[in-house]
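I have placed the structure first, in the form of structure tokens, so that the comments after it can refer back to it.
Hydrogens, waters and symmetry mates play no part in the numbers below; they use all other heavy atoms, side chains included. Keep in mind that this is a model prediction, so the values were computed, not measured.
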Amino acid sequence: MTAERLRVRDAGGEGYEVLDYDGQPIAICATIVHAAQYVRSFAARFWLDWTVDPAESGFSASFLGSNSIGRIHRDKLRGLREGTWRWSISTNDGRWRNDEGPRGREHDKGLAMVQLEHQFTCYLANTPHGHSPYARAKGLE
């Protein structure tokens with residue numbers, strides 16, 4: 001199976017369900033880090049929830065009910081970078097690694113969204129070994 005985007009949902013005490021494009025469960029993973037590694041193994045990315053962010057003239061992404069895990073917005077610079085879209089991962093949610101993540105630029109809004117989703121999936125999949133911050137925040141580890 002190959003997929004471009006996969007949804008993940010909290011399955012309560014059972015872990016995290018990975019859903020296919022049609023919303024059908026295809027796996028249950030013990031932690032969110034394992035779910036990210038599973039999604040990445042298919043060369044896929046998390047399907048993030050996007051909202052318009054009028055204050056930044058861009059879009060904000062959330063995951064599993066978090067406030068924001070990252071943003072994209074149109075570059076306001078003139079010259080060669082005019083019209084490009086900046087993306088960045090920045091979380092203040094204690095369930096994640098709670099630090100600044102990767103950032104970059106793309107020439108298209110859609111590419112910036114794809115890049116942020118891909119990088120956030122890798123960001124969680126590459127969480128250092130040990131108890132996941134998400135599990136600690138839920139009191140499971």
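Atom NE2 of His34 sits about 14.5 Å away from atom CD1 of Ile28, to the nearest 0.5 Å. Between the CZ atom of Arg74 and the OG1 atom of Thr84 there is a distance of 8.5 Å, given to the nearest 0.5 Å. Atom CD of Glu117 and atom CD1 of Ile89 lie 10.5 Å apart (nearest 0.5 Å). Atom CD1 of Ile69 sits about 4.5 Å away from atom CG of Leu48, to the nearest 0.5 Å. Annotation: the span from Arg7 atom CZ to Tyr21 atom OH amounts to 9.0 Å, rounded to 0.5 Å. Distance check, rounded to the nearest 0.5 Å: CG of Leu6 to CD1 of Ile26 gives 5.0 Å.
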Derivation of the side chain to side chain contact (heavy atoms under 4.5 Å, CB included) call for Phe63 and Ile32: CA-CA 11 Å; Phe63 181 66; Ile32 195 63; 3.8 Å; yes
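Contact annotation: the side chain of Trp85 never approaches that of Leu111 to less than 4.5 Å [non-hydrogen atoms, C-beta and beyond]. Side-chain atoms of Val8 and Tyr38, non-hydrogen and from C-beta on, never get closer than 4.5 Å to each other.
For residues 24-43, no residue pair satisfies the salt bridge (charged side-chain N to carboxylate O under 4.0 Å, His left out) rule, not counting sequence neighbours.
In this structure a side-chain-to-backbone donor-acceptor pair under 3.5 Å is missing from Ser60 to Thr51. Without hydrogens or angle criteria, Asp22 side chain to Gln24 main chain gives no donor-acceptor distance under 3.5 Å.
Note: the hydrophobic cluster containing Trp87 does not contain Val114 (ILVMFWY, side chain heavy atoms under 4.5 Å, direct or indirect links). Follow the hydrophobic side-chain contacts under 4.5 Å out from Leu124 and you never reach Leu19; the two are in separate clusters.
Closest non-hydrogen pair, Leu116 versus Ala61, comes out as CD2-CB, 4.1 Å. Pairing each heavy atom of Pro102 with each of Tyr123, the nearest pair is CD-CD1, 4.0 Å.
Under the side-chain hydrogen bond (donor to acceptor under 3.5 Å, both in side chains) criterion, Asp53 pairs with Arg71, not counting sequence neighbours.
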